[in-house]
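First the structure, in the form of structure tokens, and then the observations on it.
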Number of protein chains: 2
Amino acid sequence: MTTIYEGDKMLVAIDCLVFGYDVHEEKLKLLLFKRRINPFAGSWSLIGGFVKEEEDILDAARRVLRDFTGLDNVFLEQLTSYGKANRDPGGRVISISYYSLIKLDDIHFDKVREHGAKWLDITEMPDPILDHGDMIAQGLNRLKANARTAPLSFELLPEEFTLPQLLKLYQSIYQKDIDDRNFRKKMLATGLLIKLDKKDKTASKKGAFYYQFDKEEYHELVKRGYYFDLF
Amino acid sequence: MTTIYEGDKMLVAIDCLVFGYDVHEEKLKLLLFKRRINPFAGSWSLIGGFVKEEEDILDAARRVLRDFTGLDNVFLEQLTSYGKANRDPGGRVISISYYSLIKLDDIHFDKVREHGAKWLDITEMPDPILDHGDMIAQGLNRLKANARTAPLSFELLPEEFTLPQLLKLYQSIYQKDIDDRNFRKKMLATGLLIKLDKKDKTASKKGAFYYQFDKEEYHELVKRGYYFDLF
DNA sequence: ACAAAAGTGTTAACTATACACCCATGA
DNA sequence: TCATGGGTGTATAGTTAACACTTTTGT
């Protein structure tokens, strides 16, 4: 593509926060990897890559995610751009952060391991390179803010999940106790959970009913002005 | 700055939404200008410019704002980055949008006019170039969302303002009627408005008391976990 | 005296919170 | 039979929403 403008050209990178929820450990996790290139080879980093000349930035984010996790068609949304002139000693790089929410079951662990990537507990983050610590902090805040007003949590759980699992997920996002009776009431009151005739017996003897999130109904309601809101 | 990475370099632009509130017309306005360079010279555009090699993106946004309005030290916050490969036929350009809230009184109208810029009513936007229409739509949504949970409105009013002015500002942001008794109660209940011993008599014979927003107190409260929330 | 905007309180509906026990089951 | 987690209801406090009249003052 020819440029008719005059101006300085620079590298544009994508850095992607990948959140996953471990249903068994009941912990929210973030995917970090050991950087392979210099500077900072060997340090913890978000997954990332450079935007190509002919590539939409959203496609670049999808590519990064696919390359590192093998996943496609998952929740992916832009966060913030970082562009201090000296943020990367390797050159002038503008970085656009994205965050993705994935169902940990889905992931091709081989691909992740192959990249030296690892799921780390969000409460025990190592010090990552560059401004990735800021990206993570801001991303967590956005996740908290957005999970109140959009049904994001379902992106982090398997298609079929139990109410105790959903509750524990919210508790790990907000890092606080939530009353289970009130939580169930609010959740069921949305009318967006479909109760299945099946129980998960892995976590208790009694077993907890599986539910599914009613995506179609949700999108219908949104069209009519519905506004998901917990808390 | 030398680059040790391999990747495609591209132009990075800032496009800035500048919101102002006209207290007399009681209308929320956005600053647009008639673009001077090709492609699309003569069409309506947001104010903007390219990020320089040695410049932080936030500084670039400040520079753009200063160059077009003469203003410095005003509210300025990043919105979203736009990066479709073909979004600009003039070249591969990634654009980072910002929004600014200014006190219309402040502005150096000469500087604005000199750039062919104009304050346009947000309900009567012309069709702007490129994806600036999307930027404006998204920016308005963010303004609405953020004005609920942060005291942004005071950035748009003079230091001294009346409650009827504040009410009308919220009404123009949300484009709906708000009950004045409930509004006053909530606003005054924050304890963040300092009543002055002065009245604005331009809008009525009785006159309305001037208030000031207590910024210091607000920042104190925020430190202690306070969370501004209307509606 | 009247027009025009400023200012003020109460009630009802709703929402959020706090809280404790019984149920089903596998071991 | 007992230990474990799943499931349920109610009462109270707090918040939001609806609503109409009086005050001030310049003309």
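- At a threshold of 4.0 Å, the pair B/R66-B/D72 counts as salt-bridged, since one of the basic side-chain nitrogens sits closer than that to a carboxylate oxygen.
- Across residues 183-201 of chain B, B/R184, B/K185 each have a non-hydrogen atom less than 4.0 Å from an atom of DNA chain C (numbered order).
- Rounding to the nearest 0.5 Å gives a distance of 11.0 Å between OG of B/S172 and CD of B/E25.
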Worked check of side chain to side chain contact (heavy atoms under 4.5 Å, CB included) between B/K168 and B/Y21: CA-CA 10 Å; B/K168 278 165 197 149; B/Y21 179 66; 3.5 Å; yes
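- Listed by first then second residue, pairs satisfying ring-ring contact (aromatic ring centres under 6.0 Å, His included) with a partner in residues 136-164 of chain B read B/F154-B/F161, B/F154-B/F213, not counting sequence neighbours.
- Reading DNA chain D from its 5' end, the first and the last nucleotide to sit under 4.0 Å from a heavy atom of chain B are D/dA17 to D/dG26.
- Heavy-atom contacts of chain A under 4.0 Å fall on DNA chain C between two terminal nucleotides, which in 5' to 3' order are C/dT17 to C/dG26.
- Ion pairing between A/K29 and A/D22 fails under the 4.0 Å rule for side-chain N and carboxylate O.
- Judged as a salt bridge (Lys or Arg N to Asp or Glu O under 4.0 Å), the pairs with a partner in residues 188-208 of chain B (not counting sequence neighbours) are, in order, B/E160-B/K198.
- Ring pair B/F68/B/H115 is tilted by interplanar angle, where 30° to 60° counts as tilted.
- Geometrically, A/R148 does not engage A/Y170 in a cation-pi contact, judged by NZ or CZ lying under 6.0 Å from the ring centre and within 45° of the ring axis.
- Annotation: salt bridge (Lys or Arg N to Asp or Glu O under 4.0 Å) contacts involving residues 173-192 of chain B, sequence neighbours excluded, comprise B/D179-B/R181.
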